Chemist: 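Below is one structure. I have some questions about it.
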Amino acid sequence: MTFDSEHSDLHRKGRGFESLNSHHKPFRRLFLFMHCHFYILFSRCKNRYYIGASCDELKERVRRHNSNHKKGFTGTVNDWELVYSEDFKSKEEAFSREREVKKWKSRKKIETLISST
């Protein structure tokens, strides 16, 4: 296998590349499952639910909802609390679940889902 001059100090080993100038283990491709989430937040101040989906870590996503960003539905208050979540292996599944629950347009049905856990 040949490489251009930019990668001349690399050689192929296994599934990755290893530098000829280092003693590190070769890079190996890791197949990680993407963990995406469907979630429901509740604001006592607004007395409203927010339904969303994200592939970010949930704790970080809730923190961003509570940041003082002044935009969108969650930006005007900072008391959003995670009350329900479901994990999915793909972005498509999580966002599909978000759309499904948003179509319900029923607070009672959403509260039944939350209390089912």
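What you are looking at is a predicted structure, and each value in this text was computed from that prediction instead of being measured. Numbers here simply count residues along the sequence, with the first being 1.
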Chemist: Looking at Arg107 and Glu111, is there a salt bridge between them, counting it only when a charged N and a carboxylate O are closer than 4.0 Å?
Modeler: yes

Chemist: Side chain of Ser116, backbone of Leu113: donor and acceptor closer than 3.5 Å?
Modeler: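 Yes: the side chain of Ser116 pairs with the backbone of Leu113.
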
Chemist: Assess whether a salt bridge exists between Lys102 and Glu98, defined as any Lys/Arg side-chain N lying under 4.0 Å from an Asp/Glu carboxylate O.
Modeler: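 A salt bridge links Lys102 with Glu98.
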
Chemist: For the ring pair His37 and Phe95, is the centre-to-centre distance below 6.0 Å?
Modeler: no

Chemist: Distance from Ser54 atom OG to Arg61 atom CZ, nearest 0.5 Å?
Modeler: 5.5 Å

Chemist: Which atom names give the shortest non-hydrogen contact between Glu86 and Phe88, and what distance separates them?
Modeler: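 For Glu86 versus Phe88, the nearest heavy atoms are OE1-CZ, 3.3 Å.
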
Chemist: Taking only residues two or more places apart in sequence or in another chain, which ones pass ring-ring contact (aromatic ring centres under 6.0 Å, His included) with Phe38?
Modeler: none

Chemist: Step by step, work out the side chain to side chain contact (heavy atoms under 4.5 Å, CB included) result for Thr74 and His69.
Modeler: CA-CA 9 Å; Thr74 63; His69 57 278; 3.5 Å; yes

Chemist: When rounded to the nearest 0.5 angstrom, what is the spacing between NE2 in His65 and CD in Glu81?
Modeler: 14.0 Å

Chemist: To the nearest 0.5 Å, tell me how far Arg63 CZ sits from Leu82 CG.
Modeler: 15.0 Å

Chemist: Quick one: do Ile110 and Tyr84 satisfy side chain to side chain contact (heavy atoms under 4.5 Å, CB included)? Show the steps, please.
Modeler: CA-CA 10 Å; Ile110 291 167; Tyr84 183 83; over 6 Å; no

Chemist: Decide ring pair (Phe, Tyr, Trp, His ring centres under 6.0 Å) for Phe73 and Trp80; before the verdict, give the C-alpha distance in whole Å, the side-chain angles of both, and the deciding distance to 0.1 Å.
Modeler: CA-CA 11 Å; Phe73 183 73; Trp80 294 101; 5.7 Å; yes

Chemist: With no hydrogens and no angle check, do the side chains of Glu93 and Ser96 hold a donor and an acceptor under 3.5 Å apart?
Modeler: no

Chemist: Is Tyr50 linked to Leu58 within one hydrophobic cluster, defined over Ile, Leu, Val, Met, Phe, Trp and Tyr using a side-chain heavy-atom separation of less than 4.5 Å?
Modeler: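 Tyr50 and Leu58: one cluster.
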
Chemist: Would you give the length of the straight line joining atom NZ of Lys59 to atom CZ of Arg64, rounded to the nearest 0.5 angstrom?
Modeler: 14.5 Å

Chemist: Does a side-chain N-to-carboxylate-O contact under 4.0 Å join Asp79 and Lys46?
Modeler: no

Chemist: What are the two closest non-hydrogen atoms of Val62 and Leu41, and how far apart are they?
Modeler: CG2-CD2, 3.8 Å

Chemist: Is there a side chain to side chain contact (heavy atoms under 4.5 Å, CB included) between Ser85 and Ile40? Walk through the geometry before answering.
Modeler: CA-CA 6 Å; Ser85 70; Ile40 301 174; over 6 Å; no

Chemist: When you group the ILVMFWY residues by side-chain heavy-atom contacts below 4.5 Å and let the links chain together, are Ile114 and Tyr39 in the same group?
Modeler: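 No, Tyr39 does not connect to Ile114 through the hydrophobic network.
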
Chemist: With a 4.5 Å heavy-atom cut-off, do Lys91 and Cys36 have their side chains touching?
Modeler: yes

Chemist: For the residue pair Ala53 and Ala94, what are the closest heavy atoms and their distance?
Modeler: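 Looking at all heavy atoms of both residues, the closest pair is CB-O, 3.7 Å.
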
